[in-house]
K.L.:
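One structure is given below, represented as structure tokens, and several questions about it will come after.
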Amino acid sequence: MSILLDSSTRVIVQGITGREGSLHTEQMKSLGTKVVGGVSPGKGGTTHLGVPVFNTVADAIKATGANASGIFVPAPFAADAIMEAAAAGITLIVCITEGIPIQEMIRVKDFLRGYPQARLLGANCPGLITPGQAKIGIIPQRITKPGSIGLVSRSGTLTYEVASALSAAGMGQSTIVGIGGDPVLGLTFRDVIEMFEKDPATTQVVLIGEIGGSDEEHAAELLARGTRLKAVAFISGRTAPEGKRMGHAGAIISGNRGTAKSKEEAFRKAGVTVAETTDEIVGMLR
Amino acid sequence: MSILLDSSTRVIVQGITGREGSLHTEQMKSLGTKVVGGVSPGKGGTTHLGVPVFNTVADAIKATGANASGIFVPAPFAADAIMEAAAAGITLIVCITEGIPIQEMIRVKDFLRGYPQARLLGANCPGLITPGQAKIGIIPQRITKPGSIGLVSRSGTLTYEVASALSAAGMGQSTIVGIGGDPVLGLTFRDVIEMFEKDPATTQVVLIGEIGGSDEEHAAELLARGTRLKAVAFISGRTAPEGKRMGHAGAIISGNRGTAKSKEEAFRKAGVTVAETTDEIVGMLR
Amino acid sequence: MKLLEYQAKEVLASLGIAIPPGEVARTPDEAAWACGRLGPVAVKAQVPVGGRGKAGGIKVARTPDEARRAAEQIIGMDIKGFKVPLVYCEAALEIEREIYLGFTVDRDARANILMLSAKGGMDIEQVADDSPDSIARLYPNPWRGPLDFELTQLVFDAGLGDLARPLMAMIKKLYRAVPDYDALTAEINPLVVTKKGDVVAGDAKLEIDDNAAWRHKDLEQKYGALIEGDPYEVEAKKRGLTYVSLDGDIGIIGNGAGLCMSTLDLVQRAGGRPSNFCDIGGGAKAEVVENALAVILMNPKVKGVVINVFGGITRGDEVAKGIITARDNLNMKLPLVVRLSGTNEEEGREILKRNGIEPGVNAWAAAQKIVELTKSDAPTTAAARGSLPGERGGE
Amino acid sequence: MKLLEYQAKEVLASLGIAIPPGEVARTPDEAAWACGRLGPVAVKAQVPVGGRGKAGGIKVARTPDEARRAAEQIIGMDIKGFKVPLVYCEAALEIEREIYLGFTVDRDARANILMLSAKGGMDIEQVADDSPDSIARLYPNPWRGPLDFELTQLVFDAGLGDLARPLMAMIKKLYRAVPDYDALTAEINPLVVTKKGDVVAGDAKLEIDDNAAWRHKDLEQKYGALIEGDPYEVEAKKRGLTYVSLDGDIGIIGNGAGLCMSTLDLVQRAGGRPSNFCDIGGGAKAEVVENALAVILMNPKVKGVVINVFGGITRGDEVAKGIITARDNLNMKLPLVVRLSGTNEEEGREILKRNGIEPGVNAWAAAQKIVELTKSDAPTTAAARGSLPGERGGE
């Protein structure tokens, strides 16, 4: 078992004919991910990397029954690609693209309210992987190992670091989910923890958070209400200096939330073990 | 019994301090309508025609528990007034104002999808009256008489004409609903017929339609599925010449629908008696 | 407000849409000069109605002389009731293919609709009948406008994927006519792909919502005076009336569109032919009735007038007095039948009778009466018509 | 991109917002001339950071002489790490009342928020703490923007109903900065109501989303060069790096923001003080590493550098070779500790060792090592730093 993604998920790649899209489609396929097609407007009817290419997501779904999509299109087109996937009926949208303007993502979030079946991961995230089964995105397969630890993270390279330490210690993962580091994104820590909670194959979770926003605090609130999962949290940016703020608007709305201290305290209050360095995590899970 | 409105409905008037708003608020009150307040931004805290005035609909609802609103504001502000009423929680919005730009009404219709509890009557309509109980709008009370005929119409003065003929013949009305003549409006014939169908006090209905659009045809489809109501329909504009059309777009989407002939045929097929002049209606209902 | 082709093209050009070079000509000489500057041109009648091509309102001219002759034939001709005031001389296009692109309001869906078809040109309505699937459709959300992926789908659905880029850009520009100009219809047919590969508006139709005219006073000022071909409608508009010209001889005035329309139905049913539709709205004040009568009497064909008023709030006696004042001010002598209903209708009828106006007991009786009074009548004299607004206004 | 006050005001003025007359002055003389033309002025330091008033960056000048002296004091002063490049001389306002109007992104709500308060001015953050209800808030739908009734509610909620008309107009204009400029923050504090009753932007803050810079190249060209006060950040931006200056002496390079931030944490934990945050993203190509090292070495305080790279797809040996190339090209002699992880990490470490670079077994070891190597070090010499970009670029 796993969350969100397994070997039966039917995946398309938006931007499959691009450099990044091609590279990672190959990697996704080599792991066994069921990549059933790709989208690249104007290239409909052709074949790329052994899968059919379509002009639109709607066409791709009609022909392949796809239910998940990985988005690798350039930033100026990525917000539109997310909305297209949702409107066409995709239920898991994974947007790897970095650099989407925040105002576009705010509009996308509002658009998605009209498509409650569509879950968005990212943007600006490494995607997700269910070790040994399937992945959408760019998380390297070789640092992962099937198992029962759920890993959810805002940072790409820290995810790799922690995953490879876990794998090296023989501690496998159920699903690794990179939710992305952008201020406005899809699935949150809380959403993913809720899914891990319901997944019988997951017994422990690792959360890798960052300063800024209150998503870690919200996840801690959820865990504080009781969980069957053993949880370890790590927050990066504990010693980062306060940003040079311009104007008061940010301070008015965020108050004291968003600091590493506030996040760590929230987790401790919820009974979650807090790691001060990533090296400590493996030991804490034993 | 009645539909939409009775003596317990708590009504506010948006634009209560204007000329039209004042005039018709007085008439509404004189019939016994429970007018609990008015809205006029900047005049909050004052009293007008014996009722409290508020700056916003939200304020008015908080203070008075209003659940219906009559809108008498000038056309440039009317679309906004409808959205305000819906967002604040009003469940029956009656917009009398004429001349709202169609594009604004299209946006309003989309906005209202987010507030399914809000029913809009109009715009550009005479409103509705439940004889002897209450009215919102401008239908003159004295031409009406309590009874069991449901009257629904796209035309204001034709409504008056038919209502007064019915009343003069001793045939009272349960509720009279003027849905308005604009191309993009709120409640349709079909919506109102459905309500009459569920209202035990209504035994007969009169529909007064016009050329243009397909709302009459849609109502006929509903009635064709079976109804307990005796129904008579009249369509005005039977001999109106075809409009001077510019471009093909209109023709492409509407085809042959919308003519008096198509509407009358649809009603006849549904087993609805069709009057050729309004004078015939009273006789047909006996 | 329905814009003429050249006006619609000016507006579309302001939105960034490519149009061919062209010049307006009010006289045959101006047409010749335009052709001299532009080279071979199409000389096109400017009327706010479709079907001018089939009516002979478009001619190709290779030389200034041909252009002059074409303009001589076209200017002043009647196309579906519109007298052609001027022609538009437009550089001829080398056409590779013709596309249909249209936007309008779908009143049944209460939404805007964009339509695109690879089968553009004069026969698009036939295409719509024969193979509706060859016209791709999109209902954009009215707050968001068309999104890129929706436009991509539209273009590929229309089988025009090879032109995706220029078409998507073009449709976005066309759609700006909705938020920027309160357009109700905006149509480019044909949208021409030239042999060089440019995408250009071959023709253009644009209708602006009259309810939003206050937002677009500049358009009204720039174009308003030129547009309406019918002189009575022009005059009615100036006087703020809802008026449509018809080709009969009985003037119709009603308060409310439905009542007015049903009066028209009744007159026709009684064997008469209405000269117009004129809705004076609620109230029926003397001044408004006078304006309506004045416009109707401008038309020399009119032999009599029927007024159908249901007094909702206004009292019948007041309406009657208003009508008499209006008739007297205009010194109108033609038959006038009035059907009054509502409060104090009896008193109102008495007043009318005393002042020599025929009151109808109900609308059907009134319709029969005016038909009877106008059928036997000799052709009307100017004296019977009273003073016409044109004469008074010094037009 | 955070605009300076005068730049933000120019942008807001382009949206129709009233601003006081003002002129930019780069020298004390220019300030004096500006005062001569404008009359009594406020001479204001232009830095992209708050708190300049309390730092002495704003002075009132009644005469050209006073303006010259004020500019002499302000230009070149350091405000929170920004050297003031120029001042803005703005006509003094006769203030009746001060309002707070701000727009920003509320990342927890994933939405835009508009805030309005009758208690504007310097103490607004205190107001937010003490009486949050005195700041009215509105989350406009991002496709629709703020609707009139929502703005009415906002204005009345803020207790500013008497100014409803001008404020609603002002807020709509301010909000245009979202669709038109991809603004992340747009703030007018104070929004001044003058004794004459005009509503004018007393100060202005505007931050544009760097992710949308491609849509606003004009702004970048017009203002970009002037904005960033920190020379290392300016240089990093030119080289396309994500770089933030800090005030320590150990350079930090990482791939990925999280990894970079945790490296910073570890260095600090080991007793060191980072001189920067520098995220070189995925891949870690020689060219990018060289750019990052070059910028870090510009700072004379830097005594050593730690690089933390996790190779996701890139192989460790390739990363190692890239780092060596970069070091050699820059002729860098300062201590360099590299922590490499991922495919072929062992090979990579071997290559580093052979080339005299200290490899860290893990990030914590690397952090401890660089702190150890830099603590005992004597002040660095220019020779050890290698060739600086400033020297090479002829700056």
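Chain naming here is simple, since letters A, B, ... match the order of the sequence lines and numbering starts at 1 in each.
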K.L.:
Which atom pair, heavy atoms only, marks the closest approach of Met261(D) to Gly237(A)?
P.N.:
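Smallest heavy-atom distance, with atoms named: CG-CA, 3.3 Å.
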K.L.:
Tell me if a side-chain donor or acceptor on Asp108(D) pairs with a main-chain N or O of Ser214(A) at a distance below 3.5 Å.
P.N.:
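Checked: pair present.
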K.L.:
Side chain from CB out, backbone as N, CA, C, O: work out which of these in Asn112(D) comes under 4.5 Å of a heavy atom of chain A, or both, or neither.
P.N.:
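For Asn112(D), heavy atoms of backbone and side chain both lie under 4.5 Å from chain A.
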K.L.:
Please give me the minimum heavy-atom distance between Ala363(D) and Glu161(A), naming the atom from each residue.
P.N.:
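Looking at all heavy atoms of both residues, the shortest contact is CB-OE2, 4.3 Å.
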K.L.:
Determine the option with the most heavy-atom pairs under 4.5 angstrom with chain A, choosing from Gly102(D), Pro179(D), Ala212(D), Ala204(D).
P.N.:
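The residue among Gly102(D), Pro179(D), Ala212(D), Ala204(D) with the greatest pair count is Ala212(D).
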K.L.:
So for Phe234(A), is it side chain, backbone, both, or neither that comes closer than 4.5 Å to the heavy atoms of chain D?
P.N.:
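Answer is side chain: those atoms of Phe234(A) sit under 4.5 Å from chain D.
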K.L.:
If you count heavy-atom pairs under 4.5 Å with chain D, which of Thr278(A), Leu185(A), Asp182(A) comes out on top?
P.N.:
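Maximum pair count with chain D is reached by Leu185(A).
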K.L.:
Would a distance-only check, ignoring hydrogens and angles, find a side-chain to backbone donor-acceptor pair under 3.5 Å from Asp209(D) to Pro101(A)?
P.N.:
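No: the side chain of Asp209(D) does not pair with the backbone of Pro101(A).
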K.L.:
Quick one: closest heavy-atom pair of Trp143(D) and Arg107(A), and the distance?
P.N.:
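Minimum heavy-atom contact is NE1-O, 3.0 Å.
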K.L.:
Under 4.5 Å heavy-atom distance to chain D, tell me which part of Ile100(A) shows up: side chain, backbone, both or neither.
P.N.:
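Just the backbone, heavy atoms under 4.5 Å.
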K.L.:
Between Arg269(D) and Glu276(A), is any pair of side-chain heavy atoms under 4.5 Å apart?
P.N.:
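A side-chain contact exists here, since the closest heavy-atom pair is under 4.5 Å.
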K.L.:
At a heavy-atom distance under 4.5 Å, which candidate from Leu259(D), Leu184(D), Asp265(D) has the highest pair count against chain A?
P.N.:
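Ranked by heavy-atom pairs under 4.5 Å with chain A, first place is Asp265(D).
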K.L.:
Mind ranking Pro76(A), Ala75(A), Ser153(A) by heavy-atom pairs under 4.5 Å with chain D and telling me who comes out on top?
P.N.:
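Heavy-atom pair counts peak at Pro76(A).
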K.L.:
Test Asp279(A) against Asn362(D) for side chain to side chain contact (heavy atoms under 4.5 Å, CB included), laying out the working first.
P.N.:
CA-CA 8 Å; Asp279(A) 298 342; Asn362(D) 59 36; 3.9 Å; yes
K.L.:
So which part of Glu280(A) gets closer than 4.5 Å to some heavy atom of chain D, the side chain, the backbone, both or neither?
P.N.:
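When you check distances to chain D, only side chain atoms of Glu280(A) fall under 4.5 Å.
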K.L.:
Tell me if a side-chain donor or acceptor on Trp364(D) pairs with a main-chain N or O of Thr277(A) at a distance below 3.5 Å.
P.N.:
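No; zero donor-acceptor contacts below 3.5 Å.
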K.L.:
Please identify, among Thr188(A), Val184(A), Ile102(A), the residue contributing the most non-hydrogen atom pairs under 4.5 Å to chain D.
P.N.:
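Maximum pair count with chain D is reached by Ile102(A).
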K.L.:
Below 4.5 Å from any heavy atom of chain A, which atoms of Phe103(D) appear? Answer side chain, backbone, both or neither.
P.N.:
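Both parts, backbone and side chain.
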K.L.:
Highest number of heavy-atom pairs under 4.5 Å with chain A: which of Ala111(D), Gly51(D), Cys260(D), Ala109(D)?
P.N.:
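Option with the greatest count: Ala111(D).
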K.L.:
Indicate yes or no: does Asp215(A) engage Arg110(D) in a salt bridge with an N to O separation below 4.0 Å.
P.N.:
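Between Arg110(D) and Asp215(A) there is a salt bridge, with a charged N closer than 4.0 Å to a carboxylate O.
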K.L.:
Could you have a look at Ser262(D), Pro274(D), Ala186(D), Ala257(D) and say which one has the most heavy-atom pairs with chain A under 4.5 angstrom?
P.N.:
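So the answer, after comparing Ser262(D), Pro274(D), Ala186(D), Ala257(D), is Ser262(D).
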K.L.:
Salt-bridge test for Arg142(A) and Glu345(D): reply yes if a basic N is under 4.0 Å from a carboxylate O, no otherwise.
P.N.:
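Answer for the salt bridge query: no.
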K.L.:
Has Glu98(A) got more than 12 heavy atoms of other residues, nucleotides or ligands less than 6.0 Å from its CD?
P.N.:
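Atom CD in Glu98(A) is not crowded, with 12 or fewer foreign heavy atoms closer than 6.0 Å.
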K.L.:
Under 3.5 Å, is there a donor-acceptor pair between the side chain of Gln103(A) and the main chain of Ala183(D)?
P.N.:
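Yes; at least one donor-acceptor contact below 3.5 Å.
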K.L.:
If you round to the nearest 0.5 Å, how far is CZ of Arg215(D) from CD of Glu104(A)?
P.N.:
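Going from CD on Glu104(A) over to CZ on Arg215(D), the span is 4.5 Å.
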K.L.:
Would a distance-only check, ignoring hydrogens and angles, find a side-chain to backbone donor-acceptor pair under 3.5 Å from Thr157(A) to Phe310(D)?
P.N.:
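Not a single qualifying donor-acceptor pair exists.
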